[in-house]
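Step one of this worksheet: look at the structure below.
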Amino acid sequence: MVKEAPAPINFTVFLTMFGEKLKGTDPEETILHAFKVFDTEGKGFVKADFIKEKLMTQADRFSEEEIKQMFAAFPPDVCGNLDYRNLCYVITHGEEKD
């Protein structure tokens with residue numbers, strides 16, 4: 001990362017570069033495919049309670065606080081559905097679609 005720095009590294013440059021590295025997660029299609037496994041009807045959303053249960057009991061388990069943070073940033077709709085397409089877009093692009 002030091003070699004990639006556009007200028008002497010100060011805190012702002014460090015945060016910008018670190019953010020760019022974190023933003024480089026899995027490709028959007030990979031993340032979408034993971035959610036589509038649970039979206040058997042292909043509607044573009046999954047039940048928030050179902051995702052919460054999976055995230056808290058499988059693999060790298062989320063804490064209750066991490067779940068609260070995720071749902072604060074990406075709240076389910078009034079029916080309890082999580083729009084995973086928008087979530088995946090924001091994860092990979094850093095902003096919501098227009």
Exercise. Distance from Lys36 atom NZ to Cys88 atom SG, nearest 0.5 Å?
Worked result: 9.0 Å
Exercise. Salt bridge between Lys47 and Glu53, side-chain N to carboxylate O under 4.0 Å?
Worked result: no
Problem set entry | Heavy atoms from other residues, nucleotides or ligands near CD of Glu64 exceed 12 (cutoff 6.0 Å) | yes
Problem set entry | CE-CG distance between Met70 and Leu55, expressed to the nearest 0.5 angstrom | 5.5 Å
Exercise. Shortest non-hydrogen contact from Phe71 to Ala48?
Worked result: CZ-O, 3.6 Å
For this session: Can you measure from CD1 (Ile51) to CZ (Phe38) and round to the nearest 0.5 angstrom?
Result: 5.5 Å
For this session: Would you give the length of the straight line joining atom NZ of Lys43 to atom CG of Asn81, rounded to the nearest 0.5 angstrom?
Result: 8.5 Å
Exercise. Of the options Leu82, Ile67, Thr57, which is the one that meets Lys52 in a side chain to side chain contact (heavy atoms under 4.5 Å, CB included)?
Worked result: Ile67
Exercise. Looking at CD of Glu28 and CZ of Arg85, how far apart are the two atoms once the value is rounded to the nearest 0.5 Å?
Worked result: 11.0 Å
Exercise. Does the separation of the ring centres of Tyr84 and Phe45 fall below 6.0 angstrom?
Worked result: no
Exercise. Taking all atoms of both residues into account, what is the closest heavy-atom pair of Pro76 and Gly80, and its distance?
Worked result: CB-C, 3.9 Å
Problem set entry | Counterpart residues, ring pair (Phe, Tyr, Trp, His ring centres under 6.0 Å), relative to Phe62 (two or more places apart) | none
